[in-house]
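Proteins come first, then strands; the chains are lettered A, B, ... in the order of their sequence lines, and each starts at number 1.
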There are 2 protein chains.
Amino acid sequence: MLSKKTKYGLKALIYLARQYDKGPILIADLAQEENIPKKFLEAILLALKNNGILQSKKGKGGGYYLARSPKLITFGQAIRIMEGPLAPVPCVSETSYAKCTECGSEETCGIRIVMKDVREAMAKILDGTTLADVLEEIDKAEETQKGVLNFCI
Amino acid sequence: MLSKKTKYGLKALIYLARQYDKGPILIADLAQEENIPKKFLEAILLALKNNGILQSKKGKGGGYYLARSPKLITFGQAIRIMEGPLAPVPCVSETSYAKCTECGSEETCGIRIVMKDVREAMAKILDGTTLADVLEEIDKAEETQKGVLNFCI
DNA sequence: ATTTAGCCTATGGTTTTAGTAGACTGATTG
DNA sequence: CAATCAGTCTACTAAAACCATAGGCTAAAT
């Protein structure tokens with residue numbers, strides 16, 4: 001399960017993606033708009049900044065904004081920053097491999113064999129989905145919803 | 001990341017699958033063989049028993065054994081018992097759905113749209129992989145390893 | 001110089017994880 | 001029947017992770 005931190009972070013990124021090229025957004029506004037504790041959000045955005053996803057401007061007219069186009073930021077990148085590696089076990093992680101403590105031979109570990117597939121399936125989706133993709137999917141879903149609504153009326 | 005509890009549990013299940021129809025296995029033996037703290041393993045096996053994956057016999061000649069054929073026990077079943085739902089967010093869980101706290105409209109939530117795909121991909125693998133499958137894959141991997149070894153000699 | 005708004009450090013509460021201890025119960029066997 | 005064996009139950013603890021909150025510091029704009 002994703003932590004609240006990660007969910008907050010993803011919500012913030014989607015919000016910022018929608019406001020892309022509209023200049024810096026205040027933490028306070030973002031927090032209020034998305035119902036996220038302001039101080040907690042500060043820490044999250046800072047982490048995303050320190051990892052190159054966001055940029056910030058201090059002082060009046062300041063705020064946070066995406067470091068690059070929504071087309072170039074993926075869910076995978078963001079989740080790894082906030083939640084850690086995607087891999088269910090460290091020994092199948094591409095981005096931060098580590099030997100499993102007392103897991104005899106790596107090649108013949110049943111857990112590893114299965115989890116390798118799981119990691120790959122997750123990575124394929126999360127590294128293949130950009131913020132721009134998500135905005136598009138949200139818009140599509142909203143259109144569908146509107147259709148349902150009209151149908152009901 | 002899988003918890004140690006889950007890894008221990010999976011290891012135990014694979015071990016018991018290999019010993020299937022060889023009668024009950026002692027917790028103590030399993031713990032020693034797989035390097036798992038005995039008391040911790042006790043609790044794990046009990047949970048797996050209470051959820052219908054394992055059965056046990058008390059007294060002399062007792063121990064634990066699979067409740068049914070390794071072909072009928074999947075990784076998905078076991079992981080859900082020890083780790084909880086596969087879904088990254090509760091609102092896409094098939095086995096224990098729950099509304100996400102303050103996630104406005106479910107249909108148009110960007111996080112949900114993506115995580116629905118992730119859950120499906122994971123479930124497809126984990127619910128499609130039985131203990132019997134894993135044993136087979138391990139054997140295959142061991143054959144390959146032996147080949148590598150012979151080649152080196 | 002003052003205000004604005006992000007940055008940094010510290011702290012606290014709650015929950016989960018990992019593990020331990022010890023008494024209890026049910027089954028077997030001599 | 002009693003001794004022994006082996007799983008079951010209750011309780012507890014230490015450490016880590018998670019979810020925040022408080023308050024002062026620093027950089028930028030006017």
> What does nucleotides 6-15 of chain C look like as a protein-contact string, B for base, S for sugar-phosphate only, - for none, at under 4.0 angstrom between heavy atoms?
Replying inline: SBB-------

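Salt bridge absent: B/Glu106 and B/Lys99 never bring a charged side-chain N and a carboxylate O closer than 4.0 Å. The existence of a salt bridge linking A/Glu143 and A/Lys140 is excluded, since no basic side-chain nitrogen approaches an acidic carboxylate oxygen closer than 4.0 Å.
Counting non-hydrogen atoms of neighbouring residues, nucleotides and ligands closer than 6.0 angstrom, the CD atom of B/Glu136 reaches no more than 12 such neighbours.
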> Checking side-chain contact (heavy atoms from CB on, under 4.5 Å) for the pair A/Glu107/A/Ile113: CA distance, chi angles, key distance, verdict?
Replying inline: CA-CA 8 Å; A/Glu107 299 309 320; A/Ile113 292 171; over 6 Å; no

Polar atom pairs (N or O), protein with nucleotides 11-18 of chain D, under 3.5 Å:
none

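Using a 4.0 Å cut-off, no side-chain N or O of A/Tyr8 falls inside it from OP1 or OP2 of D/dC19.
Per the geometry, CG belonging to B/Leu48 stands 14 Å off P belonging to D/dG7, to the nearest Å. The nearest whole Å value for the distance from the CG atom in A/Leu41 to the C1' atom in C/dA5 is 13 Å. Atom-to-atom, CD of A/Gln55 to P of D/dA28 comes out at 14 Å; the value is rounded to the nearest Å. Between the CD1 atom of A/Ile44 and the P atom of D/dC19 there is a distance of 9 Å, rounded to whole Å. When the P atom of C/dT16 is taken as reference, atom CG of B/Leu2 falls 18 Å away, rounded to whole Å.
Pairs passing the salt bridge (Lys or Arg N to Asp or Glu O under 4.0 Å) check and including a residue from residues 114-128 of chain B, sequence neighbours excluded, read B/Arg80-B/Asp127. Applying the ring-ring contact (aromatic ring centres under 6.0 Å, His included) test to residues at least two apart or on different chains, none of the pairs has a partner in residues 112-135 of chain B.
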Tell me which donor-acceptor pairs under 3.5 Å the side chains of residues 54-61 of chain B have, and how far apart each pair is, sequence neighbours excluded?
| from | atom 1 | to | atom 2 | distance (Å) |
| --- | --- | --- | --- | --- |
| B/Ser56 | OG | B/Lys49 | NZ | 3.2 |

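Checking A/Pro37 against A/Gly61, the closest nucleotide of DNA chain D that is more toward the 5' end is the one next to A/Pro37.
Applying the ring-ring contact (aromatic ring centres under 6.0 Å, His included) rule to B/Phe40 yields the partners B/Tyr8; only residues at least two apart in sequence or on another chain are considered.
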